Structure formats: structure tokens, C-alpha cells
Amino acid sequence: MKIPIDKPVLVTSALPYVNGECHIGHLRTYVPADIYVRMLRKMGYNVRFISGSDTHGTPIVLSAEAQGITPEKVVEKYHEHFKQVFKTLKVDFDYYGQTDSESNHVRTDKIVNKLIEKDYVYKKVVKQAYCNTCGRFLPDRYVEGKCLHCGAIARGDECDQGCGKHLEPSEIIEPKCKICGNDAVFKEQEQFFFALSTFAEFLSSYLDKLGGTLNARNYAREWVKKELLDWCITRNLEWGVKFPGSEDLVVYVWVDAPIGYISFTEELLKGNGDWKKYWKDDEAAIVHFIGTDIIYHHCIFWPAMLKGAEYSLPDAVVASGMVKINGEKFSKSRGNVIWTTEFLERFHPDTLRYYLVAQSSHTKELDFSWDSYSMRVNNELVGVLGNLVHRVLTFARKNYAVVPEGDIEKEVFATIETRRAEVVNAVEEYEFKKLVDAVMALADFGNRFFHREEPWHLIKQGEEGRARAGLVIKNALQLLKAVCILLEPVMPEKMEEMWHQIGMESDVHSVKLDELMVPIESGQALGKPKMLFKRIET
RNA sequence: AGCGGGGUAGGGUAGUUAGGAGAUCCCGUCGGGCUCAUAACCCGGAGACCGGUGGUUCGAAUCCACCCUCCGCUACCA
């Protein structure tokens, strides 16, 4: 999606649910979002980048009980953990909030009230599992029993091990509480529903215009084509945002979580009303980065809610594929998981950022393996990129110490221009693999250029040869400069290092794409070549 | 069961939206080169009936039909 250059952009990244540590699956969303933002800024856009911790819901309450602490404590612990991870990984949010903030309570209350006022919310009595031992109502996933149809063990609202039929919760026989293992009973209970079904037509035309990745639209369309069911938006919990006018109900976590996008914008722009440009007046482009697992919530539920409460709608939803490990699904219980902090204790964050986008295209599933990771690092980062920087700099330092005299060849500028166009194109398509492939092709060209021109021979051929070798070096340095600018969004730390090695003094993070065509200055002192990437020995 | 996404050389992967020359790239493999460089880098070769069958077309990996096969999803789970 091409956004007009003068339009402000709000990029959001899905809210991590803070009841556990960050694993590399999470990063498939945050890292590309950060790359996207950095690249948009290089292209000249005015961008705000926000996210925050999703703090409510039953799992956090249970987690707190299990640890004998308050939900606040659980939230605080993992909230800080995620902030730290993002800092280390250079996922650089303008604002990272959390959904239990005062402003999110207020904003949620306003939105829900608006929905009530406009008659999109109604009361209904439902049968719900209740555990006498725990003394609480049980969400579907915490109820287990036998399937009405085939007698197999059924969980929640589905007979997942037997006939696969969808079950009404009350159709489960001999329900048990999964938390304590004791018998549960079904009780009648008054809940509130959001009339999602009335938005079917709106959603259908909305999805036709929605930007972002195809997987998000297609998946959402399927739901709209089928029958949309109204959504129960209240829960019997203490922890959460109180449902207006009720003492014992909170809103369902998927109501107040996305509203966080709005309240974080408010918090970022502190009270001056500027948030309305983004969420009320349609003056900005809103781009959501999410994982494919929450497409439903972002492409169906969320737009309907915004529409109902009269807010601006997202312009694009970018959904990344899930991460697998060695061909297997992520599973904390089976230990098939890679924790981000453990990974970062051993390897540089930039190599992980690179791998996550280089390994597979954004919407497809990414199968992590240590083999493919070390192969990419060794062959591409060390062999192609690191080696190019090192060979050019070593040669240049030894023979010139500064950037030599000479003009940039047409061929070099033309190649840079071609790759720049590919990169911009990739950004607009949300294809981050194409982005790194294009830049690496530029580095590849650098190696071929350097080899073809043989400066190590030229340098031995008198004054004229020395001048020609200098020209080659200057051109090679120009290519390095270009690679550096284009790859900074992917590997911000390493490219900053490289930037200084080639003698640049400006801030590579804020340098714009226009700099690509500015010749590197002759006479500029070159830094000491230091290996950018280390080989991974396997 | 329905729906969604895949099946392309030994492994991985691009290309399929808008059908066109010898089907991309990486690893591995074989041969050669270079020696500035982190045993890196450069050049060349071998290796694919693009899951199957049938169809549309001057022309299909790309479009259509049917089939085989793998994976995921089906609402409160990144």
C-alpha cells in the first residue's frame, strides 16, 4: 500500500500478553514492524510507532493465583521484561504502554458506553460453567468434559479429540473445572453481547478496501461470508476494565486490548488532542502489525467496534506467519520453544533481526532451525557483507588512510538506484525478505565489482595505477555507504558501527534515502576495520 | 466435515495477483580462478518431466476442472 508522503502514519504492533516471557515467535511481528517504521522514516514519512502490554484476562489472574501474588505484580514483571527485550533488540517504540492504565480504562469506558448508547450492546442470559470449589465462572477453555455426541473428552466449546463437532458449552457432559479438577455446574448468568452480526455488510465492503497483507483480508472474508455471531463482551472477573454500570463484570479482554492502541496514542501525545487526528478525523494512516493468529480480532471485531463507536478505521493490517521450530509447532509445555533472552545471551540481536526477515516471506510460516540460522549468518552476514566491508576497508586503510579521489561510476549509481527502488517496493508490499534480498544483492555486486577491478594489481602499477585503484576503492566505499543506509532498518547497531568504519560522522539512523546518491567525500578519514559479524562454529 | 495455505533440482526457497525467451536465489556437489579479505571472495558445470491427470491457449509453474498429499485454522490462543 502506497501512503501519501504528507500523511502521518501510525504503526502499531500487536500487544504481547504479559503472563510469560518473550520467545522468538513474538518477534516475527515486532521486528518487521520496527523495520517498516525505520524504513518509512528514511523515506521521509512522519511516523509514530506504538505498542504496549496486554494485561487483563483470565490467564493472568490464574497465573497470579498460582504464584500467590496479585495480577498487578504478574503484569509488572513481564511488562518490564518485554520492555527490556525490545530495548535490547532495538525495537524502538515511540511509546510502549499497558492496558491497565488510567487512560485505557477511561477510553474503554467511553467506547463501550457509546456502543451501548447506539444500541449495539444487549443483555442476554446464558448458561455458563461455574466451579463451586474455585468459586468462579469458568471461561470455555477451562472446562473439560465429555462430548454430547461421541463421548470423547471435549474441551471448551469443541470436541477436539473425538468427532470434532462444535459444542455449546452447556452440551458438555460431566463438566469439570480444569483449574482445580473438581466438578463444575452450569449456571444461568446475565451477560452483555456486542451486536457484531449487524456489521456484516459494513465489514464486507471495509475488507475490500483494507490494505496490508492478503492473508489477513482473505481469512477475515471467510468469516464475514459465513454467519457472524454476536460477541459476548463481559466476563465475571475482578481484574479488568469494569463494564459500565456493573460491579461484578469486566469487559472481555479483546475489548480493552485494542483500545490500547488509542489510549497509547493519547498517552504519547499527552493530552493536546492530537490523538484525534489519528483516531477521530481520519487524517492519518493506521497500520496494524499482528500475527496470523489474531486476524479475526483485528479485521472483524476491532473495525466493527471502531465503526460502532465512531472512530477512524485501520488502513492496513499486516499479518505475519507463525514461527515453528525444526518443523514443529511452538509449545511451551513440550519445551519446543526458544526464549529470546537466552538467544540474545549467545548471539547479537541484529543477526536475529536479519534472520527473522531473511528466512522466509512475511506472511508465510517461518521454520526456525539452528542450521538455517548459522548458515545465514556465516554465508550472508559474514561471507558476503562482513567480508566485503573488511576487504575494502583493509585495502583502503593500508593504501590511502582516507577516502581516495575519484568520481562515482554510472554503473555503481545505477545499481544502487535499482536496489533502492526494489527496497521501497518491498516496503510497500510488506515483503521484508525482498527488502534484505535486494540489499544483499547490492553487497554481492560490491564483491563482484571489487574482484573484477582488481585494485590489488592496479596499486602496483605506478601513479596511474594507484589513481585507478583509488577510484575503485571510492566506488566500493560508495556501495558500502548505500548498503549501510538500506540495511540500517534491519540491523541498526551493526550498521551504525559500519557507518563509522567507513568514516561517516552523521547519524545513520536519521539519514534519509536521498543520501544514497550523495558521493562519499574524498579525504574523509576511514575508521579501523573491525569484523562486523563473527562466524558461528557448528 | 468445512475453510485457508502449501507441494518447484539432494535440502531450503523465489516466481503464480496482471500466462511468454535457456525457471530464481542460498546451501551442498564438481571443476577452475583470485590472493585485498573472517578457509572468505570470483567464474563455470552437473542436477527440476515446477504433486498427478485432463482442459483453455500460438504459448502455462502461472488460468480452469478433478484428484493425491502435507500443514494450519474453526472465535476468547503470539
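Just so you know, these numbers use all the heavy atoms, side chains as well, and skip hydrogens, waters and symmetry mates. Reminder, nothing fancy here: chain letters follow the sequence lines and each chain counts from 1. Computed from a prediction, not measured in an experiment: that's the story for all the values here.
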Between CD of A:Q501 and P of B:U38 the distance, given in whole Å, is 13 Å
Let me see the working for A:F243 and A:V121 under side chain to side chain contact (heavy atoms under 4.5 Å, CB included), right down to the final yes or no.
-> CA-CA 12 Å; A:F243 185 77; A:V121 176; 4.2 Å; yes
Side chain of A:F450: nearest nucleotide among B:C36, B:A37, B:A78?
-> B:C36
By side-chain hydrogen bond (donor to acceptor under 3.5 Å, both in side chains) - contacts of A:Q189 (at least two apart) = none
Listed range with range, the stems formed with RNA chain B by at least 3 consecutive Watson-Crick or G-U pairs (under 3.5 Å) are B:1-7 with B:68-74, B:10-12 with B:25-27, B:29-33 with B:41-45, B:51-55 with B:63-67
Taking the same atom, C1', in B:G55 and in B:C43, what whole-Å distance lies between them?
-> 45 Å
Spacing of A:N399 atom CG relative to B:U35 atom C1', expressed in whole Å | 14 Å
Residues in salt bridge (charged side-chain N to carboxylate O under 4.0 Å, His left out) contact with A:R353, at least two apart in sequence or another chain = A:D34
Determine whether A:T340 and A:E21 make a side-chain contact, defined as any pair of heavy atoms from C-beta on separated by less than 4.5 Å.
-> no
Closest listed nucleotide, where the reference is the side chain of A:T394 and the choices are B:C34, B:C26, B:A37 = B:A37
Cation-pi between A:R346 and A:W370: NZ/CZ under 6.0 Å from ring centre and within 45° of the ring axis?
-> yes
Rounded to whole Å, NZ of A:K398 lies from C1' of B:U35 at a distance of 11 Å
To the nearest Å, give me how far apart CZ (A:R452) and P (B:G44) are.
-> 13 Å
Which of B:C36, B:A78, B:A40 is nearest the side chain of A:N387? It is B:A40
Do you see a donor-acceptor pair shorter than 3.5 Å between the side chains of A:T55 and A:Y17?
-> no
Rounded to whole angstrom units, what separation is found between the CD atom of A:E453 and the P atom of B:C43?
-> 13 Å
